[in-house]
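Just so it is clear, the structure is predicted and the values come from calculations on it, not from any experiment. We number each residue from 1, following the sequence as shown.
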Amino acid sequence: MGLPVRNRMKRRTFIAGSFALLAAPGIVRAQAYPARPVRMIVPFGPGGNADVFGRIIAQKLSEEFGEPFYVENVSGAGGNIGVGRAAQAAPDGYTTLVSPPSFVINPALYDKVPYNARTSFDAVTLAVSTTVVLAVHPSVPAQTLGELIALIRSDASKYNYATAGVGSPGHIVGEMLRQSLSLDLVHIPYNSAGLAIGSTVAGHTTICLAAPAPIVPQVKDGNLRALAVAYKRRLRALADVPTTAEAGYPDIEFDNWFGVFVPAGTREDIIAALNRDIVKSMTLPDVEARLLMLGFEPVGSTPTAFSKQVEIELEKWAKIIRAANIKSE
């Protein structure tokens, strides 16, 4: 026996409604992530270390998720403007932040920042670790860090150092060097590593302190001479360049990481998906090789581990900045 007419009508209505839902744009994908392009805010200008890393990850995430992940450079105020914009974004997974340690340094460096490093964001992963390279214009006669320091002491008026801005990793390392050795050395801050490196390549500044990614190509092309890396070991990308410890200055060291954040309140499954695919991307042979050759070392922490590191470093850098009397300009 067939179904009663009323039941047959209900069944037809249910089936018809189901097909209508399947056909309706966006209904089926509403629970999927991502369903549209994802913005990755980099709080520094094009060409710098954060930008280089952000674009590598954006490309791979686009491939993994099947939706575009794109970098938006929002520079200014040592990264504060870009981080502030990310903090104000909706916590829906469609805005992410790629940031270096300025995220934890700036709250101690500036009187006011447009975000709360403890509450404005949820951590996704500490993606890579890198450092700061000290390089000079080829006209500088020093072949070692020791020789450069001797030159600065003999005539400080000839030397200055360019960085990606006040409170940037390059600035922190420069201040460590300047204060520990009592050097008379002027800091020239720019809005990005690309601009800082460009000024030294052009000869407008004599020394540049910046992350490896944008410096390595200039060193390879002979436009800059790298004298030291402020790291615990040599970089594969600059294997013949000694560490600051090897050069005789073991107290000058900086772990310059890059992490990914999302606005606080973003769904846990979105954070988990981003973490999974970012960590996965960094283990791909082509990506890992590229990262290593640019001076990055893949880390890929869990959200919880990264959150704990942020908390630790907020306290660490506050103490260092107070002791060194570094202030925003």
*Electrostatic pair Arg290:Asp286 at N-O distance under 4.0 angstrom*: no
_Residues Lys60 and Glu63 bridged, charged N to O under 4.0 Å_ =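 Salt bridge present between Lys60 and Glu63.
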*Any chance you could measure Thr96, atom OG1, to Phe261, atom CZ, to the nearest 0.5 Å?*
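Taking OG1 in Thr96 and CZ in Phe261, the distance rounds to 11.0 Å.
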*asked:* Would you compute the distance between atom OG of Ser129 and atom OH of Tyr231 and round it to the nearest 0.5 angstrom?
replied: 3.0 Å
Between [X] and [Y], how do the two ring planes meet: parallel, tilted or perpendicular, split at 30° and 60°?
{"X": "Trp317", "Y": "Phe254", "result": "tilted"}
{"X": "Phe65", "Y": "Tyr33", "result": "perpendicular"}
{"X": "Phe296", "Y": "Phe258", "result": "perpendicular"}

_Arg233 vs Glu297, salt bridge (Lys or Arg N to Asp or Glu O under 4.0 Å): CA-CA, chis, key distance, verdict_ = CA-CA 11 Å; Arg233 54 182 171 274; Glu297 294 196 2; 2.4 Å; yes
Just so I know, are the side chains of [X] and [Y] near enough to count as touching, which here means a heavy-atom distance under 4.5 Å?
{"X": "Ile207", "Y": "Ile152", "answer": "yes"}
{"X": "His171", "Y": "Tyr161", "answer": "yes"}
{"X": "Val299", "Y": "Met282", "answer": "no"}
{"X": "Asn80", "Y": "Val83", "answer": "no"}
{"X": "Pro43", "Y": "Ile81", "answer": "no"}

Should the heavy atoms of other residues, nucleotides or ligands under 6.0 Å from [atom1] of [X] be counted, would the total exceed 12?
{"X": "Arg236", "atom1": "CZ", "result": "no"}
{"X": "Lys220", "atom1": "NZ", "result": "yes"}
{"X": "Lys308", "atom1": "NZ", "result": "no"}

Can you name the closest pair of heavy atoms from [X] and [Y] and give their distance?
{"X": "Ala162", "Y": "Ala196", "result": "CB-O, 3.7 Å"}
{"X": "Ser301", "Y": "Phe306", "result": "OG-CB, 3.5 Å"}
{"X": "Thr266", "Y": "Asp122", "result": "N-OD2, 3.6 Å"}

